[in-house]
Amino acid sequence: MPDSAFPASVAGPADRGNPPGHWCFARRFPAGDRETRRILADLIDGLGQAGVGEDDRSNAELILAEVLNNIAEHAYADGAGPVELRVEVQRNGLACQIADRGRPMPASDAPDPSLPLIAPPDHLPEGGFGWHIIRCLTSELRYARDHGWNRLTMHMPWSGYD
Amino acid sequence: MDISTHRSGQALVLTIQDSRVDAAVAIDFKEAVRNAAEMESGSPVILDLSRVTFLDSSGLGAVVAVMKLLGSDRPLQLAALTPPVAKVFRLTRMDSVFTIHAQAPGSLKAVG
């Protein structure tokens, strides 16, 4: 993946008149809860204008919220830093790229945890669900550490096609 | 976090007025729901989520945390999950942990 595939700023829904496959959202922003909310609201609005259905918009919002929360909480546990997000509408779903300059992933790979043990009343986990949710709703998830950047790419298939 | 409360029979119903329960508000949510539950009597405590259109794993964790805080004397139940919220419970199998009502009691009274 060349660096040029990751524009440093804005694309936005400028190609709305073009067929699906051309719509692309790209932003660079500081990691953190407030920015995450703002960017997700922009993305969901844009996906709606691009004709992406409600179920797929809410899947995208959930997946990217989990990814961006992880970046803020873990990759940038020591402080702030930039995030680059790129989402492209394709024929068979959404292609997403997320990059940050924080700590590398443990074990140099994206986590793939099993669902935490749920056995009430003694075992009621309050966390450990984020990567499970991401993995449930995406395919072709790849992680690379590249020149100080964490780069995640993933595919979100359209929900109606399974 | 804006929460309205009402009694329905023995139950205390807490209606979350915010549309998002996410990482930005998870701690507030936990405190606000606990405080609202402790200010009124009533059991079970039913969380009316009909206005919540987004909940992530941080929000889910906060709901579980509230359930633990309230303990077995005041079981926490859920009501009126919107499709995106129901999906999170289903994907994490947390739908097996909670009693989930299709609608909050007393929430859909016919007018007139």
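Keep in mind that what you see is a predicted model, and the values were worked out from it rather than measured. All chains are named by letter (A, B, ...) in the order of the sequence lines, taking the proteins before the strands, and each is independently numbered beginning at 1. Just so it is clear, the values below take in all heavy atoms, side chains as well, and ignore hydrogens, waters and symmetry mates.
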Steps toward side chain to side chain contact (heavy atoms under 4.5 Å, CB included) verdict (Ser58(B), Glu73(A)): CA-CA 11 Å; Ser58(B) 302; Glu73(A) 284 175 32; 4.2 Å; yes
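- Heavy-atom pairs under 4.5 Å with chain B peak, among Pro125(A), Pro120(A), Cys136(A), at Pro125(A).
- Contact residues of residues 103-119 of chain A toward chain B are Leu115(A), Ile118(A) (heavy-atom distance under 4.5 Å).
- Side-chain heavy atoms closer than 4.5 Å link hydrophobic residues (I, L, V, M, F, W, Y) into clusters, and following such links, possibly through other members, connects Phe98(B) to Leu91(B).
- Taking a 6.0 Å sphere around CZ of Arg93(B), one finds it holds 12 or fewer heavy atoms contributed by other residues, nucleotides or ligands.
- In this structure Arg51(B) satisfies the side chain to side chain donor-acceptor pair (under 3.5 Å) test together with Gln17(B), sequence neighbours excluded.
- Hydrophobic clustering of Ile, Leu, Val, Met, Phe, Trp and Tyr side chains at less than 4.5 Å, counting indirect connections, keeps Leu14(B) apart from Ile46(B).
- With a threshold of 4.5 angstrom between heavy atoms, Glu66(A) approaches chain B through side-chain atoms but not through N, CA, C or O.
- Connection of Val87(A) to Phe54(B) is established within a shared hydrophobic cluster, with ILVMFWY side chains joined at heavy-atom distances below 4.5 Å, either directly or through further cluster members.
- Between the CG atom in Asp56(B) and the OG1 atom in Thr36(A) there is a gap of 10.0 Å [rounded to 0.5 Å].
- Per-residue heavy-atom pair counts under 4.5 Å with chain A were compared for Val64(B), Val88(B), Val25(B), and the maximum is reached by Val64(B).
- Ile100(B) is connected to Leu76(B) through a chain of hydrophobic side-chain contacts under 4.5 Å among Ile, Leu, Val, Met, Phe, Trp and Tyr, so both are in one cluster.
- In the hydrophobic cluster analysis, where Ile, Leu, Val, Met, Phe, Trp and Tyr join through side-chain heavy atoms closer than 4.5 angstrom, Leu60(B) is grouped together with Leu47(B).
- One finds the CG atom of Asn59(A) at 3.5 Å from the NZ atom of Lys87(B) (value rounded to the nearest 0.5 Å).
- Contact detail for Ile133(A) and Ser57(B): the closest heavy-atom pair is CD1-CB, 4.1 Å.
- To the nearest 0.5 Å, atom CG of residue Asp22(B) and atom CD of residue Glu61(A) are 8.5 Å apart.
- Within the 4.5 angstrom heavy-atom criterion, only side-chain atoms of Leu40(A), from C-beta onward, approach chain B.
- To the nearest 0.5 angstrom, Glu126(A) atom CD is 6.0 Å from Lys30(B) atom NZ.
- Atom CD of Glu54(A) has 12 or fewer heavy atoms from other residues, nucleotides or ligands within 6.0 Å.
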